[in-house]
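Naming: A, B, ... by sequence-line order, numbering from 1 per chain.
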Amino acid sequence: MRGSMRNPFRRAAASFVASATGMDPSAFAVTDPPGHAAGDWAVGLFPAAKAKGANPAALAAEAAAAFTPRDGLASAAAAGPFVNFTADRAALAAGVLRDVEAAGARWGGSDGGAGRTVVIDFSSPNIAKHLAFHHIRSTMIGNALARLHRACGWKVVGVNHLGDWGTTFGMLLVAWEEWAAPGEVPTVDRLNDLYVRFRAAAKADPALDARARARFAALEAGDPAARALWGEFRRVSLEEYRQVYDMLGVSFDLVMGESEFEEFLGPAVEMLRSKGLVTESDGAEVVDLSADGMPPCLLRKGDGATLYATRDIAAALWRYEHHAFDRALYVVDRGQALHFRQWRRVLERAGFPFAAAVEHVDFGQVRFGGFKTGTRTGNVIRLREVLEEAIAVARRKIEEKNPGLAAKDLVARQVGVGAVIFNDLSNQRRRDVDFDWDRMLSFEGDTGPYLQYAHARTASMLRRVPAGLPAGDPARLLLPEEAAVLRLLADFPDRVEKAAADAEPCLVTTFLLDLCAAFSRWYDLGNRDPALKVLCEDRETAAARVRLARAVRATLERGLFLVGMEAPEEM
RNA sequence: GUCCCCGUAGCUCAGUAGGAUAGAGCGGCUGGUUCCUAACCAGCAGGUCGCAGGUUCGACUCCUGCCGGGGAUACCA
């Protein structure tokens with residue numbers, strides 16, 4: 001955790017050490033002592049030792065000796081080169097509860113992004129195909145980043161940039177015209193099959209590819225029949241996707257297809273040409289990037305058709321023109337890293353100041369049975385199928401564990417979908433993921449349902465809070481297990497901010513796991529000793545613990561929301 | 001060939017400003033439920049942090065090389 005953090009206790013620790021050594025607080029990292037046995041927070045004196053050429057242990061001893069209680073810190077003790085700080089327990093509880101309660105629904109957020117706009121390109125499937133399981137990656141990472149940025153005060157424009165243009169649609173037109181039954185109404189299922197069938201057929205008969213190119217050319221030229229059919233393909237795809245997005249709880253501010261950028265492609269190429277960036281190579285128009293150690297960026301094929309890079313350049317220009325972003329995130333798998341490096345370099349070379357604000361938020365690929373999944377290889381698991389299976393498993397669990405539950409179907413959806421979402425967001429996004437049904441459908445251990453379960457337990461407990469409890473004095477929260485929970489709660493705003501800044505949702509999911517573990521340990525104390533229950537006999541103590549439980553519940557709900565998960569009250 | 005990512009416990013992963021005995025979950029073995037929801041908690045076993053050098057007072061973390069896995073590498077996206 002950095003010195004510029006918002007956690008007031010960490011700040012206090014850093015600023016004390018800074019004042020004791022005459023340095024800037026930002027020079028010091030505030031860490032967690034191993035197992036928190038020696039204190040709540042620790043500061044290593046290494047930076048000061050380096051600056052002064054002194055022994056860090058001596059500096060730590062000196063600083064600890066000079067410590068007087070302040071800002072919620074009760075004591076400081078040197079341990080080798082570290083100073084370990086222990087919170088004043090009552091002040092820790094009072095400070096954290098006050099912050100959580102005062103922030104209300106905005107807890108964890110900030111106004112750090114106020115006045116700034118971020119455009120987030122996510123999900124962005126190619127239409128006329130199923131949403132495959134791997135689409136969950138861009139969709140849920142992007143959705144989490146959108147929510148995280150909003151929580152940090154940014155204006156967010158979430159864009160679903162549909163792949164609805166290109167020679168693929170020439171193939172589909174040919175396939176449909178060739179193989180569809182008279183009067184047949186297209187479905188995504190059917191289109192997906194036709195696409196696969198076409199590719200197989202084209203292997204044997206190259207003439208089909210030529211026809212596909214011709215049909216796409218007709219589509220581009222505005223051929224009414226081609227346009228109408230394409231429009232129908234697009235419509236049924238969007239309807240199918242809408243259902244899956246609804247299941248996932250995902251929405252967009254803008255749904256735009258590549259087709260809509262058609263008119264900007266020519267001008268974009270001309271603009272680059274006017275800047276002297278376009279050269280001809282083997283009949284194609286390219287931006288030479290050999291000086292940057294990269295292959296050329298192709299703008300136009302030999303036959304004059306534009307490419308992916310052309311469209312992304314035009315789209316970036318459009319987005320800056322219409323949304324004047326301060327940050328633009330492209331949540332796209334790592335396989336396209338070179339494309340995005342080239343694209344960004346072209347924007348830089350063209351002299352656009354916003355080129356520095358665009359980021360490829362890359363993520364690892366999904367593999368199944370050792371192979372990359374994808375429509376082209378036929379190694380496809382449908383996202384919808386995974387979600388439905390998870391919901392079914394959740395439904396069975398509910399029947400087994402909580403048969404009296406009222407809204408079984410609703411909760412089964414929340415939990416099943418939550419399990420799948422959490423599974424995707426629980427690791428660093430850059431890691432490749434192996435699709436594994438057992439892990440996906442596991443509801444125990446470090447899983448989404450574990451988080452939701454902890455939330456449901458707090459909610460359930462809070463429903464039983466007796467009337468007329470006193471206000472709740474934080475000074476009653478003196479158990480070490482309570483301190484552990486409070487320490488974590490105090491870190492929540494920093495984690496949210498860092499997750500947005502690093503575009504890394506797993507900073508929130510791993511935080512939530514830590515919080516749940518700390519909460520569960522605290523809660524479990526009541527199984528051994530009724531006096532350690534939240535709702536214990538002593539009304540003063542119960543009142544204080546209820547406040548802490550409410551803070552935990554609020555943080556779990558908020559954290560789950562930020563990563564795109566539901567927080568059921570019962571399960 | 002070149003470039004990028006990864007390599008931490010049997011499995012899946014945290015550990016990311018270089019700092020105190022490397023932490024979880026799963027799986028295995030032991031315990032805990034007259035219950036604020038056990039979808040939980042506690043304990044035990046399990047590690048040459050891929051290998052070899054280097055920088056440093058100090059390296060899982062930074063640098064170099066090697067090995068292993070994955071990806072990318074101009075007219076697909």
Side-chain angles (χ1 to χ4, degrees), chain A residues 1-3 26-29 31 33-35 38 42 44-47 49 55-56 79-82 84 124 126 163 165-168 258 281-286 293-303 305 307-309 311-312 332-339 341-342 362 364-365 367 372 376 394 397-398 400-402 405 415 419 426-428 430-434 436 438-439 442-447 449-450 452-454 456-465 502 504 506 510 513-514 516-517 520-521 523-528 530 533-536 542 545-546 549 570-571:
Chain A
M1 284 279 168
R2 289 180 150 273
S26 65
F28 296 97
T31 58
L45 274 285
F46 307 105
N55 180 322
F82 294 92
N84 289 316
S124 305
N126 292 326
W165 208 238
T167 34
T168 299
E258 290 180 333
S281 171
D282 294 341
E285 292 184 288
V286 309
M294 288 187 273
C297 177
L298 267 80
L299 301 174
R300 276 190 200 283
K301 304 198 278 189
D303 64 6
L307 290 114
Y308 187 35
R311 288 176 213 133
D312 269 341
V332 182
D333 81 88
R334 201 183 50 231
Q336 295 183 33
L338 176 59
H339 161 75
R341 276 174 54 215
Q342 293 176 307
D362 61 334
Q365 296 172 332
R367 277 206 285 284
K372 178 183 165 181
R376 294 183 181 205
K397 289 266 193 224
I398 289 167
E400 168 197 332
K401 292 167 185 294
N402 195 0
L405 184 66
V415 173
S426 58
N427 296 143
Q428 292 181 37
R430 284 197 178 84
R431 297 196 85 94
D432 286 340
V433 294
D434 277 308
D436 183 302
D438 290 341
R439 261 207 309 284
S442 163
F443 290 4
E444 282 151 37
D446 288 352
T447 64
Y450 171 58
Q452 292 172 319
Y453 179 66
R457 283 170 118 187
T458 58
S460 165
M461 176 217 301
L462 291 168
R463 282 194 298 274
R464 294 167 179 255
V465 171
D502 294 358
E504 184 56 274
C506 87
T510 54
L513 286 174
D514 288 343
C516 282
S520 297
R521 270 193 288 275
Y523 180 93
D524 192 63
L525 296 174
N527 286 332
R528 283 143 226 274
K533 284 183 173 184
V534 174
L535 305 178
C536 58
R545 289 179 182 162
V546 163
E570 297 178 75
M571 62 185 271

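- Applying the side-chain hydrogen bond (donor to acceptor under 3.5 Å, both in side chains) rule to A/S124 yields the partners A/D121; only residues at least two apart in sequence or on another chain are considered.
- When the side-chain hydrogen bond (donor to acceptor under 3.5 Å, both in side chains) test is applied to A/R341, no partner is found at least two apart in sequence or on another chain.
- With centres under 5.5 Å and a plane angle under 30°, the ring of A/F82 is stacked against the base of B/A20.
- Taking atom P in both B/G65 and B/C41, the straight-line distance is 45 Å, to the nearest Å.
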- Item | B/S/- contact track for nucleotides 37-42 of chain B, protein heavy atom under 4.0 Å | BSBSBS

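- The ring-ring contact (aromatic ring centres under 6.0 Å, His included) search around A/Y453 returns none, not counting sequence neighbours.
- A/N55 pairs by the side-chain hydrogen bond (donor to acceptor under 3.5 Å, both in side chains) definition with nothing, not counting sequence neighbours.
- Residues forming a ring-ring contact (aromatic ring centres under 6.0 Å, His included) with A/F46 (at least two apart in sequence, or on another chain): A/F82.
- Judged as a side-chain contact (heavy atoms from CB on, under 4.5 Å), and not counting sequence neighbours, the contacts of A/V286 are A/T279, A/S281, A/A284, A/P296, A/L298.
- Under a 3.5 Å cut-off, the side chain of A/T510 and the backbone N or O of A/C506 do form a donor-acceptor pair.
- Taking a pair to require two hydrogen-bonding distances under 3.5 Å in either a Watson-Crick or a G-U wobble arrangement, B/G7 pairs with B/C67.
- Nucleotide B/U48 forms a pair with no other nucleotide shown, judged by Watson-Crick or G-U wobble geometry with both contacts under 3.5 Å.
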- Query: How does protein contact run along nucleotides 2-10 of chain B, one letter per nucleotide 5' to 3', with B for base contact, S for sugar-phosphate only, - for none, heavy atoms under 4.0 Å?
  - Reply: -S-S-----

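- Every residue two or more places apart in sequence or in another chain was checked for a side-chain hydrogen bond (donor to acceptor under 3.5 Å, both in side chains) with A/R521, and none qualifies.
- If you check B/A14, B/A77, B/G70 against the side chain of A/N126, the one that comes closest is B/A77.
- Listed by chain and residue number, A/R334, A/R367 satisfy the salt bridge (charged side-chain N to carboxylate O under 4.0 Å, His left out) test with A/D432 (two or more places apart in sequence, or in another chain).
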- What does nucleotides 55-62 of chain B look like as a protein-contact string, B for base, S for sugar-phosphate only, - for none, at under 4.0 angstrom between heavy atoms? ---B----

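- Across all strands, A/Q336 comes closer than 4.0 Å to base atoms (heavy-atom distances).
- Applying the ring-ring contact (aromatic ring centres under 6.0 Å, His included) criterion to A/Y450, with sequence neighbours excluded, gives no partner residue.
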